[in-house]
Visitor: 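This is the structure I want to talk about, given as structure tokens.
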Amino acid sequence: MNIGEKCVVAFHYKLTNSDGEQLDSSEGQDPLKYLHGASNIVPGLENELEGKKAGDTLNVEVQPDEGYGQVNPQLVQKVPHSAFEGASEIKAGMQFQAQGPDGQAQLITVIEVSGDEVTVDGNHPLAGQVLHFDVTIENVREASKEELEHGHAH
Ligand code: ZN
């Protein structure tokens with residue numbers, strides 16, 4: 001079965017940046033499952049998977065616009081320490097889950113703490129990066145009615 005709308009795809013992947021540095025991998029874990037056509041994965045990768053089948057391997061280079069977007073300087077903001085309710089100690093490098101403008105989960109990274117002022121970055125950690133995916137497709141099947149309703153693979 002070839003990958004198209006209403007397919008659930010399972011694949012193994014290795015993600016590296018332009019310097020060949022490994023950012024992520026499914027090695028040693030279950031393959032990643034997604035519902036094709038539901039924007040579960042970055043568009044640049046989803047587009048390249050279209051029409052492929054189990055057993056296929058591919059190398060995909062994804063530009064930021066088709067990946068996690070460009071870095072938006074407006075998402076770097078200074079907020080008061082009091083904005084972090086319940087967190088006792090705030091340090092550079094910490095990450096928090098916040099609510100984005102569309103109600104979706106947004107990852108916030110603390111860049112700097114200076115007195116009562118905390119500088120945070122709401123850009124995705126991979127924003128602005130060219131992504132290289134090494135993909136092996138493990139399985140392609142038809143999505144269930146429930147998966148289509150939920151908009152993701154089970
Ligand atoms: Zn569900």
Side-chain angles (χ1 to χ4, degrees), residues 1-18 21-77 79 83-91 93-111 118 120-154:
M1 160 167 209
N2 293 73
I3 298 174
E5 295 285 317
K6 300 179 183 176
C7 282
V8 167
V9 183
F11 66 90
H12 275 295
Y13 68 96
K14 195 174 86 178
L15 171 61
T16 49
N17 64 17
S18 311
E21 207 180 312
Q22 187 167 310
L23 303 172
D24 197 8
S25 161
S26 62
E27 204 186 330
Q29 300 171 46
D30 287 338
L32 183 74
K33 273 194 296 185
Y34 81 98
L35 174 62
H36 192 81
S39 301
N40 292 167
I41 60 173
V42 295
L45 182 57
E46 187 169 43
N47 293 340
E48 289 299 318
L49 285 163
E50 179 96 29
K52 303 290 190 298
K53 57 187 188 313
D56 285 354
T57 59
L58 53 160
N59 291 299
V60 184
E61 184 180 280
V62 177
Q63 298 299 319
D65 284 335
E66 293 282 289
Y68 291 100
Q70 301 288 350
V71 173
N72 178 358
Q74 290 184 341
L75 292 180
V76 179
Q77 292 177 324
V79 296
F84 298 87
E85 293 167 32
S88 50
E89 202 188 1
I90 308 295
K91 281 193 287 197
M94 287 175 87
Q95 294 187 317
F96 294 88
Q97 203 77 250
Q99 197 99 317
D102 307 327
Q104 84 278 47
Q106 194 184 4
L107 194 65
I108 304 283
T109 308
V110 176
I111 303 296
V118 182
V120 295
D121 187 352
N123 287 291
H124 190 282
L126 297 179
Q129 298 211 40
V130 177
L131 309 170
H132 298 262
F133 289 95
D134 278 327
V135 171
T136 305
I137 301 167
E138 298 293 322
N139 184 256
V140 183
R141 63 165 169 85
E142 227 172 284
S144 71
K145 191 165 168 271
E146 202 187 15
E147 286 172 323
L148 292 173
E149 281 168 12
H150 288 196
H152 56 231
H154 285 164

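In each ligand, atom 1 is the first atom listed, and ligand 1 is the first ligand listed. Values reported hereafter were calculated over all heavy atoms of this structure, with side chains retained and with hydrogens, waters and symmetry mates removed. For reference, positions follow the sequence shown, starting with 1.
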Visitor: Quick one: give me the number of protein N/O/S atoms under 2.8 Å from the Zn ion (ligand 1).
Guide: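 Step by step: take the Zn ion (ligand 1), keep protein N, O, S below 2.8 Å, and you get 3.
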Visitor: Test side-chain contact (heavy atoms from CB on, under 4.5 Å) on Leu58 and Ile137; report intermediate values, then the result.
Guide: CA-CA 9 Å; Leu58 53 160; Ile137 301 167; 4.0 Å; yes
Visitor: Take the angle between the ring planes of His152 and His154 and call it parallel below 30°, perpendicular above 60°, tilted in between.
Guide: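 The arrangement is tilted - the two ring planes meet at 30° to 60°.
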Visitor: Are side-chain N/O atoms of Tyr68 and Asn123 paired as donor and acceptor at under 3.5 Å?
Guide: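 Short answer, no.
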Visitor: Closer than 3.5 angstrom, by distance alone: can the side chain of Asn40 be matched with the main-chain N or O of Gly151 as a donor-acceptor pair?
Guide: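 Judged by distance alone, yes, a pair lies under 3.5 Å.
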Visitor: Please tell me whether His12 and Ser26 have a donor and an acceptor in their side chains that are separated by less than 3.5 angstrom.
Guide: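 There is such a pair (donor and acceptor under 3.5 Å, judged by atom type) between the side chains of His12 and Ser26.
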Visitor: Taking the basic N atoms (NZ, or NE/NH1/NH2) and the acidic carboxylate oxygens, is any pair closer than 4.0 Å for Glu147 and Lys33?
Guide: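 Result for this pair is no, no salt bridge flagged.
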